[in-house]
Each structure stands twice: as structure tokens, then as C-alpha cells.
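Quick caveat, the model's predicted, so the values are computed rather than measured.
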Amino acid sequence: QVQLVESGGGLVQAGGSLRVSCAASGRALSWYAMGWFRQAPGKEREFVAAINRSGGSTVYADSVKGRFTISRDNAKNTVYLQMDNLKPEDTAVYYCAGATSFGVPKKLNMYDYWGQGTQVTVSS
């Protein structure tokens with residue numbers, strides 16, 4: 001099994017940038033496709049971005065395409081989400097998740113392992 005811990009959340013003004021990280025332990029990150037999801041108060045958890053095991057393929061939600069970038073460093077057992085041009089509607093708890101998939105899964109139920117989440121707040 002793998003344990004996932006997010007970090008890097010915080011408060012940022014609209015138009016600003018933030019990078020959140022997800023560190024893996026227990027098993028090599030390279031065994032997993034990785035995804036980022038987010039959940040705003042009163043809303044369901046939604047897909048943000050995913051990256052395959054090697055890092056060669058990525059997919060994004062339409063709402064973040066062109067603003068967010070997912071990447072991974074398997075040597076450091078870490079996956080990142082770079083968030084640029086942030087908007088107030090990006091405010092949410094951000095979760096990283098791992099899936100034993102060779103693709104880039106977008107569905108929440110494809111992921112087996114989850115971190116505890118990190119809060120991102122974007123002020124207007």
C-alpha cells in the first residue's frame with residue numbers, strides 16, 4: 001500500500017499562483033497513476049487532473065485546462081499540481097489520489113488511495 005500526504009495549500013489572491021505537492025511513502029509512486037481532486041463546501045468531490053505512471057500523459061478538467069499543470073517526480077516519490085491564474089471558484093480542499101492503472105483515470109471510484117487533503121483558498 002501507499003500513503004499519501006498533501007502539502008502546500010494556503011491563501012492566495014485571485015490571479016495568483018500556488019503549488020501543492022503530494023508525497024508518497026510505503027510503496028514507490030511509479031506503481032500508480034496519480035490524480036488530483038477537489039471538494040468545495042457543500043459540493044461533491046470533483047476531478048481536477050491526472051497523470052499516468054511515467055508522467056508522459058496527462059488529462060485535465062475543462063475548468064482548469066490551461067491554468068493548472070500536473071507533474072510527477074518518481075525519483076522523489078512526489079506529484080505536484082501547479083495552479084496559476086487562480087480564481088475564487090478554485091477554493092476547495094485538494095486531494096491527491098493513487099490508482100493502480102496504466103492510464104489516466106478521471107473517475108473518483110478508479111482511485112484506491114487518498115491523502116487527507118490540503119485547503120486552498122482564493123480571495124477575490
Side-chain angles (χ1 to χ4, degrees):
Q1 288 190 350
V2 65
Q3 291 79 46
L4 304 171
V5 178
E6 301 94 336
S7 62
L11 174 65
V12 63
Q13 287 188 333
S17 298
L18 203 61
R19 188 179 79 163
V20 291
S21 303
C22 174
S25 62
R27 197 177 188 191
L29 193 68
S30 56
W31 283 94
Y32 305 94
M34 296 299 295
W36 284 97
F37 292 77
R38 66 187 181 186
Q39 188 166 17
K43 294 188 177 181
E44 294 185 351
R45 193 171 298 189
E46 65 175 3
F47 170 78
V48 175
I51 188 167
N52 71 341
R53 294 187 181 196
S54 68
S57 182
T58 59
V59 64
Y60 297 91
D62 288 343
S63 59
V64 307
K65 201 172 293 183
R67 299 188 299 120
F68 289 12
T69 304
I70 188 171
S71 62
R72 65 191 297 160
D73 186 337
N74 286 342
K76 293 183 178 180
N77 270 347
T78 304
V79 63
Y80 306 97
L81 184 68
Q82 176 68 41
M83 302 181 287
D84 298 318
N85 191 21
L86 282 159
K87 304 176 181 180
E89 51 263 43
D90 295 318
T91 295
V93 177
Y94 283 72
Y95 298 89
C96 72
T100 53
S101 167
F102 288 98
V104 278
K106 297 174 65 174
K107 294 184 177 181
L108 190 147
N109 61 10
M110 293 291 291
Y111 287 83
D112 302 301
Y113 304 99
W114 293 84
Q116 83 289 349
T118 186
Q119 177 71 46
V120 172
T121 303
V122 184
S123 62
S124 57

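At least one donor-acceptor pair under 3.5 Å links the side chain of Arg67 to the backbone N or O of Asn85. A donor-acceptor contact shorter than 3.5 Å links the side chain of Thr78 to the backbone of Lys76. No donor-acceptor distance shorter than 3.5 angstrom exists from the side chain of Arg38 to the backbone of Tyr95, with no hydrogens or angles considered. Although no hydrogens or angles enter the test, the distance criterion places a donor-acceptor pair under 3.5 Å between the side chain of Thr118 and the main chain of Gly9. Within the 3.5 Å criterion, the main-chain N or O of Gln39 finds no donor-acceptor partner in the side chain of Glu44. Looking at Asn52, its side chain does come within 3.5 Å of a backbone N or O of Ser57 through a donor-acceptor pair. Panel note: side chain Gln13, backbone Val122; no donor-acceptor pair is recorded below 3.5 Å. Asn77 contributes no side-chain N or O that, together with a main-chain N or O of Gly26, makes up a donor-acceptor pair within less than 3.5 Å. No donor-acceptor pair closer than 3.5 Å links the side chain of Arg53 to the backbone N or O of Ala33. Side chain of Tyr111 to backbone of Pro105: a donor-acceptor contact under 3.5 angstrom is found.
Between Gln116 and Glu6, some side-chain heavy-atom pair lies under the 4.5 Å cut-off.
Under the 6.0 Å cut-off for aromatic ring centres, Tyr113 and Tyr32 qualify, their centroids lying closer than that.
Atom OG in Ser17 sits 9.0 Å away from atom CE in Met83 (nearest 0.5 Å). Put simply, OG on Ser7 and OH on Tyr94 are 15.0 Å apart, with the number rounded to the nearest 0.5 Å. Annotation: the span from Ser54 atom OG to Arg72 atom CZ amounts to 7.5 Å, rounded to 0.5 Å. We find the OG-CG distance between Ser21 and Leu81 to be 9.5 Å, quoted to the nearest 0.5 Å. Here Cys22 contributes atom SG and Trp114 contributes atom CH2; the two are 11.0 Å apart, rounded to the nearest 0.5 Å.
Val20 and Phe37 fall into different hydrophobic clusters, defined by Ile, Leu, Val, Met, Phe, Trp and Tyr side-chain heavy atoms under 4.5 Å apart, directly or through other members. Cluster annotation: Val64 is not connected to Tyr80 through the hydrophobic network of ILVMFWY side chains, with a link wherever side-chain heavy atoms come within less than 4.5 Å. When hydrophobic clusters are built by joining Ile, Leu, Val, Met, Phe, Trp and Tyr residues whose side-chain heavy atoms come closer than 4.5 Å, directly or via intermediates, Trp31 is grouped together with Met34. Hydrophobic clustering keeps Val79 apart from Val59 (ILVMFWY residues linked when any side-chain heavy atoms are closer than 4.5 Å, directly or through intermediates). Under a hydrophobic-cluster definition in which Ile, Leu, Val, Met, Phe, Trp and Tyr are linked whenever side-chain heavy atoms come within less than 4.5 Å, directly or via other members, Trp36 and Val120 are assigned to the same cluster.
Considering all non-hydrogen atoms of both residues, Gly103 and Ser101 come closest at N-OG, 3.0 Å. Leu4 and Cys96 make their closest contact through CB-SG, 3.7 Å (heavy atoms, listed as atom of the first residue, atom of the second, distance). The heavy-atom pair separating Leu18 from Gly10 by the smallest distance is CD2-N, 3.8 Å. In terms of heavy atoms, Gln119 sits closest to Ala92 at NE2-O, 3.4 Å.
Between Asp90 and Lys87 there is no salt bridge, since no side-chain N of the basic residue sits under 4.0 Å from a carboxylate O of the acidic one.
Checking each of Thr69, Val104, Val48 against Tyr60 for a side-chain contact (heavy atoms from CB on, under 4.5 Å) leaves exactly one that passes, namely Thr69.
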